[in-house]
S.K.: 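Can you keep this structure in mind? I'll have questions shortly.
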Protein chains: 2
Amino acid sequence: MVVHELSETEIDRIFHAMADATRRDIIKQAMLREQSVSELAKRYVMSFAAVQKHVAVLERASLVAKQRRGREQIVQANPESLRRAARLLEAYEDIWRERANRIGEILSNQPEGTEP
Amino acid sequence: MVVHELSETEIDRIFHAMADATRRDIIKQAMLREQSVSELAKRYVMSFAAVQKHVAVLERASLVAKQRRGREQIVQANPESLRRAARLLEAYEDIWRERANRIGEILSNQPEGTEP
DNA sequence: TTCATGTACAACCATTTGGTTGTAGGTTAC
DNA sequence: GTAACCTACAACCAAATGGTTGTACATGAA
(Lines give C-alpha, C1' and ligand atoms only; values in the text may rest on other atoms or scores of the structure.)
Protein backbone atom coordinates (compact mmCIF):
# COMPACT_ATOMS: atom_id res chain seq x y z
CA MET A 1 0.00 0.00 0.00
CA VAL A 2 1.32 3.42 -0.89
CA VAL A 3 1.00 5.90 1.94
CA HIS A 4 1.19 9.52 0.93
CA GLU A 5 4.07 10.81 3.04
CA LEU A 6 3.42 14.26 4.41
CA SER A 7 6.06 16.88 3.73
CA GLU A 8 7.27 19.05 6.60
CA THR A 9 5.40 22.00 5.09
CA GLU A 10 2.17 20.03 4.92
CA ILE A 11 2.58 19.00 8.56
CA ASP A 12 3.25 22.63 9.47
CA ARG A 13 0.03 23.66 7.76
CA ILE A 14 -2.10 20.97 9.35
CA PHE A 15 -0.94 21.67 12.90
CA HIS A 16 -1.09 25.40 12.39
CA ALA A 17 -4.64 25.06 11.10
CA MET A 18 -5.59 22.99 14.14
CA ALA A 19 -4.05 25.52 16.54
CA ASP A 20 -7.13 27.74 16.61
CA ALA A 21 -10.39 27.02 18.39
CA THR A 22 -12.57 28.60 15.70
CA ARG A 23 -10.93 26.54 12.99
CA ARG A 24 -11.23 23.37 15.03
CA ASP A 25 -14.93 24.10 15.40
CA ILE A 26 -15.33 24.74 11.68
CA ILE A 27 -13.82 21.33 11.00
CA LYS A 28 -16.19 19.74 13.46
CA GLN A 29 -19.18 21.51 11.92
CA ALA A 30 -18.16 20.57 8.42
CA MET A 31 -17.76 16.95 9.51
CA LEU A 32 -21.20 16.90 11.06
CA ARG A 33 -22.80 18.42 7.99
CA GLU A 34 -21.59 20.11 4.82
CA GLN A 35 -22.33 23.81 5.10
CA SER A 36 -21.84 26.97 3.10
CA VAL A 37 -19.29 29.51 4.27
CA SER A 38 -21.96 32.06 5.19
CA GLU A 39 -23.90 29.40 7.06
CA LEU A 40 -20.76 28.63 9.07
CA ALA A 41 -20.04 32.33 9.55
CA LYS A 42 -23.35 32.87 11.35
CA ARG A 43 -22.08 30.66 14.19
CA TYR A 44 -19.21 32.92 15.19
CA VAL A 45 -18.97 36.42 16.57
CA MET A 46 -16.66 37.69 13.88
CA SER A 47 -16.97 39.06 10.39
CA PHE A 48 -17.75 36.92 7.37
CA ALA A 49 -14.35 37.80 5.95
CA ALA A 50 -12.63 36.47 9.06
CA VAL A 51 -14.42 33.14 8.76
CA GLN A 52 -13.57 33.11 5.07
CA LYS A 53 -9.90 33.43 6.02
CA HIS A 54 -10.15 30.61 8.55
CA VAL A 55 -11.68 28.37 5.91
CA ALA A 56 -8.84 29.34 3.56
CA VAL A 57 -6.29 28.26 6.20
CA LEU A 58 -8.08 24.91 6.56
CA GLU A 59 -8.17 24.58 2.80
CA ARG A 60 -4.42 25.16 2.43
CA ALA A 61 -3.95 22.39 4.97
CA SER A 62 -6.25 20.13 2.93
CA LEU A 63 -8.46 19.72 5.98
CA VAL A 64 -11.47 20.95 4.05
CA ALA A 65 -12.37 21.53 0.41
CA LYS A 66 -14.82 23.99 -1.06
CA GLN A 67 -17.30 23.18 -3.76
CA ARG A 68 -19.44 25.74 -5.52
CA ARG A 69 -23.19 25.18 -5.50
CA GLY A 70 -24.98 28.05 -7.17
CA ARG A 71 -23.94 31.18 -5.38
CA GLU A 72 -22.87 29.26 -2.30
CA GLN A 73 -19.52 27.72 -1.52
CA ILE A 74 -20.00 24.43 0.32
CA VAL A 75 -17.32 23.46 2.84
CA GLN A 76 -16.70 19.75 3.07
CA ALA A 77 -14.35 18.14 5.55
CA ASN A 78 -11.51 15.97 4.30
CA PRO A 79 -10.89 13.48 7.11
CA GLU A 80 -7.88 12.01 5.33
CA SER A 81 -5.57 14.87 6.33
CA LEU A 82 -6.79 14.66 9.88
CA ARG A 83 -6.17 10.93 9.91
CA ARG A 84 -2.62 11.50 8.67
CA ALA A 85 -1.98 14.00 11.45
CA ALA A 86 -3.26 11.52 14.01
CA ARG A 87 -0.97 8.81 12.64
CA LEU A 88 1.90 11.27 12.83
CA LEU A 89 1.35 11.89 16.53
CA GLU A 90 1.17 8.16 17.04
CA ALA A 91 4.59 7.89 15.42
CA TYR A 92 5.95 10.06 18.24
CA GLU A 93 4.32 7.77 20.75
CA ASP A 94 6.09 4.89 19.02
CA ILE A 95 9.43 6.60 19.50
CA TRP A 96 8.67 6.85 23.17
CA ARG A 97 7.57 3.24 23.44
CA GLU A 98 10.72 2.12 21.65
CA ARG A 99 12.85 4.07 24.08
CA ALA A 100 11.05 2.50 27.00
CA ASN A 101 11.74 -0.94 25.54
CA ARG A 102 15.38 -0.08 24.96
CA ILE A 103 15.80 1.06 28.55
CA GLY A 104 14.01 -2.02 29.80
CA GLU A 105 16.33 -4.19 27.79
CA ILE A 106 19.44 -2.49 29.15
CA LEU A 107 18.19 -3.02 32.69
CA SER A 108 17.41 -6.71 32.16
CA ASN A 109 20.78 -7.34 30.45
CA GLN A 110 22.76 -6.16 33.45
CA PRO A 111 25.48 -8.71 34.29
CA GLU A 112 25.21 -10.44 37.67
CA GLY A 113 26.30 -8.57 40.74
CA THR A 114 25.74 -5.09 39.34
CA GLU A 115 22.49 -4.59 41.18
CA PRO A 116 22.87 -2.51 44.32
CA MET B 1 -10.54 6.79 35.49
CA VAL B 2 -10.22 10.54 35.54
CA VAL B 3 -8.98 11.94 32.26
CA HIS B 4 -7.56 15.40 32.43
CA GLU B 5 -9.68 17.31 29.93
CA LEU B 6 -7.65 19.72 27.86
CA SER B 7 -8.84 23.32 27.78
CA GLU B 8 -9.09 25.08 24.44
CA THR B 9 -6.04 27.16 25.35
CA GLU B 10 -4.02 24.04 26.13
CA ILE B 11 -5.04 22.53 22.81
CA ASP B 12 -4.07 25.77 21.06
CA ARG B 13 -0.64 25.61 22.66
CA ILE B 14 -0.03 21.96 21.85
CA PHE B 15 -0.94 22.30 18.17
CA HIS B 16 0.89 25.57 17.83
CA ALA B 17 3.97 23.99 19.36
CA MET B 18 3.75 21.09 16.90
CA ALA B 19 3.37 23.45 13.93
CA ASP B 20 7.11 24.00 13.54
CA ALA B 21 9.61 21.52 12.12
CA THR B 22 12.40 22.52 14.53
CA ARG B 23 10.16 22.07 17.53
CA ARG B 24 8.91 18.71 16.26
CA ASP B 25 12.52 17.62 15.93
CA ILE B 26 13.36 18.83 19.43
CA ILE B 27 10.53 16.70 20.78
CA LYS B 28 11.82 13.71 18.87
CA GLN B 29 15.36 14.25 20.13
CA ALA B 30 14.20 14.68 23.71
CA MET B 31 12.18 11.47 23.42
CA LEU B 32 15.16 9.55 22.11
CA ARG B 33 17.42 10.84 24.85
CA GLU B 34 17.27 13.55 27.50
CA GLN B 35 19.56 16.37 26.44
CA SER B 36 20.63 19.77 27.65
CA VAL B 37 19.42 22.87 25.82
CA SER B 38 22.90 23.66 24.48
CA GLU B 39 23.35 20.06 23.35
CA LEU B 40 20.09 20.38 21.42
CA ALA B 41 21.05 23.79 20.10
CA LYS B 42 24.15 22.40 18.38
CA ARG B 43 21.89 20.43 16.04
CA TYR B 44 20.27 23.44 14.42
CA VAL B 45 21.56 26.28 12.30
CA MET B 46 20.20 29.01 14.51
CA SER B 47 21.27 30.82 17.62
CA PHE B 48 21.17 29.28 21.07
CA ALA B 49 18.60 31.87 22.09
CA ALA B 50 16.31 30.80 19.25
CA VAL B 51 16.44 27.17 20.38
CA GLN B 52 15.86 28.33 23.92
CA LYS B 53 12.68 30.03 22.75
CA HIS B 54 11.51 26.93 20.91
CA VAL B 55 12.01 24.89 24.06
CA ALA B 56 10.02 27.50 25.98
CA VAL B 57 7.12 27.12 23.52
CA LEU B 58 7.22 23.35 24.00
CA GLU B 59 7.34 23.86 27.74
CA ARG B 60 4.26 26.11 27.78
CA ALA B 61 2.47 23.36 25.87
CA SER B 62 3.64 20.82 28.49
CA LEU B 63 5.27 18.80 25.74
CA VAL B 64 8.61 18.95 27.51
CA ALA B 65 9.86 19.86 30.97
CA LYS B 66 13.23 21.23 32.00
CA GLN B 67 15.23 20.02 34.93
CA ARG B 68 18.34 21.68 36.19
CA ARG B 69 21.46 19.52 36.50
CA GLY B 70 24.40 21.55 37.60
CA ARG B 71 24.81 24.34 35.12
CA GLU B 72 22.83 22.51 32.49
CA GLN B 73 19.11 22.48 31.87
CA ILE B 74 17.99 19.02 30.82
CA VAL B 75 15.04 18.81 28.46
CA GLN B 76 12.81 15.81 29.00
CA ALA B 77 9.86 14.91 26.81
CA ASN B 78 6.43 14.56 28.36
CA PRO B 79 4.65 12.04 26.16
CA GLU B 80 1.39 12.50 28.05
CA SER B 81 0.54 15.79 26.31
CA LEU B 82 1.38 14.27 22.97
CA ARG B 83 -0.84 11.32 23.74
CA ARG B 84 -3.69 13.66 24.61
CA ALA B 85 -3.30 15.49 21.33
CA ALA B 86 -3.39 12.20 19.46
CA ARG B 87 -6.58 11.17 21.27
CA LEU B 88 -8.04 14.54 20.39
CA LEU B 89 -7.47 14.01 16.69
CA GLU B 90 -8.99 10.58 17.03
CA ALA B 91 -12.08 12.24 18.49
CA TYR B 92 -12.50 14.09 15.20
CA GLU B 93 -12.19 10.83 13.34
CA ASP B 94 -14.96 9.50 15.59
CA ILE B 95 -17.22 12.35 14.55
CA TRP B 96 -16.62 11.43 10.97
CA ARG B 97 -17.26 7.75 11.58
CA GLU B 98 -20.47 8.59 13.41
CA ARG B 99 -21.63 10.67 10.50
CA ALA B 100 -20.88 7.85 8.11
CA ASN B 101 -22.93 5.50 10.27
CA ARG B 102 -25.78 8.00 10.45
CA ILE B 103 -25.84 8.36 6.69
CA GLY B 104 -25.67 4.60 6.26
CA GLU B 105 -28.59 4.22 8.61
CA ILE B 106 -30.67 6.78 6.75
CA LEU B 107 -30.00 4.96 3.52
CA SER B 108 -30.89 1.56 4.92
CA ASN B 109 -34.05 2.90 6.61
CA GLN B 110 -35.54 4.12 3.35
CA PRO B 111 -39.16 2.96 3.07
CA GLU B 112 -39.93 0.49 0.26
CA GLY B 113 -40.24 1.79 -3.25
CA THR B 114 -38.06 4.87 -2.71
CA GLU B 115 -35.05 3.36 -4.41
CA PRO B 116 -34.62 4.46 -8.01
C1' DT C 1 -35.34 44.29 -13.72
C1' DT C 2 -34.31 44.99 -9.29
C1' DC C 3 -32.91 43.68 -4.88
C1' DA C 4 -31.01 40.66 -1.49
C1' DT C 5 -27.64 37.12 -0.80
C1' DG C 6 -23.08 34.89 -1.02
C1' DT C 7 -18.51 35.31 -2.17
C1' DA C 8 -13.87 37.30 -3.36
C1' DC C 9 -10.38 40.26 -2.40
C1' DA C 10 -7.78 44.40 -1.23
C1' DA C 11 -6.23 47.53 2.26
C1' DC C 12 -5.40 48.40 6.74
C1' DC C 13 -4.14 47.57 11.70
C1' DA C 14 -2.53 45.53 16.22
C1' DT C 15 -0.36 41.63 17.99
C1' DT C 16 2.35 37.54 17.81
C1' DT C 17 6.07 34.89 15.98
C1' DG C 18 10.67 33.57 14.99
C1' DG C 19 14.76 35.11 14.48
C1' DT C 20 18.88 38.15 15.87
C1' DT C 21 22.56 40.37 19.17
C1' DG C 22 24.07 41.74 23.54
C1' DT C 23 24.56 41.58 28.47
C1' DA C 24 24.61 39.45 32.84
C1' DG C 25 24.85 35.68 36.23
C1' DG C 26 25.83 30.83 37.80
C1' DT C 27 28.53 26.61 37.59
C1' DT C 28 32.41 23.74 36.43
C1' DA C 29 37.13 22.80 35.23
C1' DC C 30 41.85 23.91 35.53
C1' DG D 1 41.15 32.58 41.08
C1' DT D 2 40.22 32.64 36.41
C1' DA D 3 38.64 31.05 32.21
C1' DA D 4 35.24 28.50 29.75
C1' DC D 5 30.60 26.99 29.55
C1' DC D 6 25.48 27.09 30.09
C1' DT D 7 21.59 29.63 30.75
C1' DA D 8 18.40 33.70 31.28
C1' DC D 9 16.54 37.58 29.48
C1' DA D 10 16.03 42.09 27.32
C1' DA D 11 15.81 44.76 23.13
C1' DC D 12 15.21 44.87 18.55
C1' DC D 13 13.41 43.60 13.84
C1' DA D 14 10.89 41.58 9.76
C1' DA D 15 7.25 38.77 8.64
C1' DA D 16 3.06 36.33 9.59
C1' DT D 17 -1.55 36.18 12.04
C1' DG D 18 -6.13 37.33 13.00
C1' DG D 19 -9.04 40.57 12.89
C1' DT D 20 -11.48 44.73 10.62
C1' DT D 21 -13.97 47.60 6.72
C1' DG D 22 -14.95 48.54 2.07
C1' DT D 23 -15.71 47.49 -2.70
C1' DA D 24 -16.92 44.66 -6.53
C1' DC D 25 -19.20 40.93 -8.73
C1' DA D 26 -22.15 36.84 -9.55
C1' DT D 27 -26.33 34.37 -8.55
C1' DG D 28 -31.17 33.65 -7.07
C1' DA D 29 -35.68 35.42 -5.91
C1' DA D 30 -39.63 38.62 -6.44
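Since this is a predicted model, take the numbers as computed values, not measurements. Below, read A as the first sequence line, B as the second, and so on, with proteins coming before strands; counting in each chain starts at 1. Heavy-atom basis, side chains included; hydrogens, waters and symmetry copies ignored.
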S.K.: When you look at CD of B:Glu98, are more than 12 heavy atoms from neighbouring residues, nucleotides or ligands closer to it than 6.0 Å?
M.R.: no
S.K.: For A:Arg23, answer base if it contacts any base atom (sugar-phosphate contacts may also be present), sugar-phosphate if it contacts only those atoms, and nothing otherwise; contact means non-hydrogen atoms under 4.0 Å.
M.R.: sugar-phosphate
S.K.: Can you tabulate the close N/O pairs, meaning under 3.5 Å, that link protein atoms to atoms of nucleotides 24-26 of chain D?
M.R.:
none

S.K.: Can you tell me the distance, in whole Å, between the CD atom of B:Glu72 and the P atom of D:dA4?
M.R.: 18 Å
S.K.: One thing to verify: whether B:Asp25 and B:Lys28 come together as a salt bridge, which I'm taking to mean a side-chain N less than 4.0 angstrom from a carboxylate O.
M.R.: no
S.K.: Taking the basic N atoms (NZ, or NE/NH1/NH2) and the acidic carboxylate oxygens, is any pair closer than 4.0 Å for A:Glu90 and A:Arg87?
M.R.: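 Between A:Arg87 and A:Glu90 there is a salt bridge, with a charged N closer than 4.0 Å to a carboxylate O.
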S.K.: Can you establish whether the number of heavy atoms outside A:Arg68 located under 6.0 Å from its atom CZ is more than 12?
M.R.: yes
S.K.: Looking at residues at least two apart in the chain, or sitting in another chain, which of them share a salt bridge (Lys or Arg N to Asp or Glu O under 4.0 Å) with A:Arg84?
M.R.: A:Glu80
S.K.: By salt bridge (Lys or Arg N to Asp or Glu O under 4.0 Å), which residues pair with A:Lys66, not counting sequence neighbours?
M.R.: A:Glu59
S.K.: CG/B:Leu6 to CG/B:Leu88 distance, rounded to the nearest 0.5 angstrom?
M.R.: 6.5 Å
S.K.: In whole angstrom, what separates A:Arg13's CZ from D:dT17's P?
M.R.: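 About 10 Å, once rounded to whole Å.
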S.K.: Please determine whether the number of non-hydrogen atoms from other residues, nucleotides or ligands lying under 6.0 Å from atom CZ of A:Arg60 exceeds 12.
M.R.: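 Atom CZ in A:Arg60 is not packed in, count stays at 12 or less.
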S.K.: Using five pairs at each end of the helix from C:dT1-D:dA30 to C:dC30-D:dG1 to define an axis, what is the angle between those two axes, to 10°?
M.R.: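 It works out to 30° between the end axes.
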S.K.: Taking the side chain as C-beta and beyond, is there a heavy-atom pair between A:Gln35 and A:Gln76 under 4.5 Å?
M.R.: no
S.K.: Residues of residues 24-59 of chain A with any non-hydrogen atom less than 4.0 angstrom from an atom of DNA chain D: list those, numerically ordered, please.
M.R.: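 Output list: A:Met46, A:Ser47, A:Ala49, A:Ala50, A:Lys53, A:His54.
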S.K.: Give me the first and last nucleotide of DNA chain C, going 5' to 3', that has any atom under 4.0 Å from a heavy atom of chain A.
M.R.: C:dA4 to C:dA11
S.K.: Here's a test for you: under side-chain contact (heavy atoms from CB on, under 4.5 Å), which of B:Gln73, B:Glu72, B:Arg71, B:Lys42 qualifies with B:Ser36?
M.R.: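 That would be B:Glu72; it is the only one of B:Gln73, B:Glu72, B:Arg71, B:Lys42 passing the side-chain contact (heavy atoms from CB on, under 4.5 Å) with B:Ser36.
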